[in-house]
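Down below is the structure, laid out as structure tokens.
From a predicted model like this one, the values you see are computed outputs, not experimental measurements.
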Amino acid sequence: MTLWGYILLACAVTYLTKLAGYAIPARWLQNPRMTRVAGAMTVALLAALTVMNTVASGGALVLDARLAALAAAALALWLRLPFLLVVLLGALASAGVRWWG
């Protein structure tokens, strides 16, 4: 199968998944448990993407300035600082580690 074949297959799977979402009865989606599950899945996927982008480079584990930026941003979020300050503190932590080491 060529690259375009894989792309078309991915498009078809995506379309069918979206179409299957419309087939779910509305009463299932209005269940409070479903809302909690959907919220938890969103947070889990975002956390997994963040960790993978922080400590992975290709197939290797890399501990560099990105980890310091994540730690600083996590601390700022835990302190409930404004989002702009969270981003700035993460950038400053990354720049400081890169400058220092």
Please report, to 0.1 Å, the donor-acceptor pairs under 3.5 Å made by any side chain of residues 10-27, with sequence neighbours excluded.
| from | atom 1 | to | atom 2 | distance (Å) |
| --- | --- | --- | --- | --- |
| Thr14 | OG1 | Ala10 | O | 2.8 |
| Thr17 | OG1 | Val13 | O | 2.8 |

By side chain to side chain contact (heavy atoms under 4.5 Å, CB included), Leu79 pairs with (sequence neighbours left out) Leu75, Leu81

For Pro82, the side chain to side chain contact (heavy atoms under 4.5 Å, CB included) test, sequence neighbours excluded, returns Leu85

Using residues 30-54 as the side-chain source, report each donor-acceptor pair under 3.5 Å to any protein atom, sequence neighbours left out, with the distance given to one decimal.
| from | atom 1 | to | atom 2 | distance (Å) |
| --- | --- | --- | --- | --- |
| Asn31 | OD1 | Arg33 | N | 3.1 |
| Thr42 | OG1 | Ala38 | O | 2.8 |
| Thr50 | OG1 | Leu46 | O | 2.8 |
| Asn53 | ND2 | Leu49 | O | 3.2 |
| Thr54 | OG1 | Thr50 | O | 2.6 |

Residue set satisfying side-chain hydrogen bond (donor to acceptor under 3.5 Å, both in side chains) with Ser94, at least two apart, ordered chain then number -> Arg98

**Asked** Who pairs with Asp64 by side-chain hydrogen bond (donor to acceptor under 3.5 Å, both in side chains), at least two apart in sequence or on another chain?
**Response**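 Checked Asp64 against side-chain hydrogen bond (donor to acceptor under 3.5 Å, both in side chains); matches are Arg66.
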
Check: Rounded to the nearest 0.5 Å, what separation is found between the CH2 atom of Trp4 and the CG atom of Leu9?
Finding: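 Trp4 atom CH2 to Leu9 atom CG measures 14.0 Å (nearest 0.5 Å).
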
Do Val62 and Val55 make a side-chain contact, defined as non-hydrogen atoms from C-beta onward lying under 4.5 Å apart? no

Nearest heavy atoms of Val86 and Ala76, plus distance in Å |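 Result for this residue pair: CG2-CB, 3.7 Å.
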
*Looking only at non-hydrogen atoms, find the nearest pair between Ala72 and Leu89 and report the distance.*
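Closest approach of Ala72 to Leu89, heavy atoms only: CB-O, 3.9 Å.
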
According to a hydrophobic-cluster definition based on side-chain heavy atoms being under 4.5 Å apart (Ile, Leu, Val, Met, Phe, Trp, Tyr only), do Met1 and Ile7 belong together? no

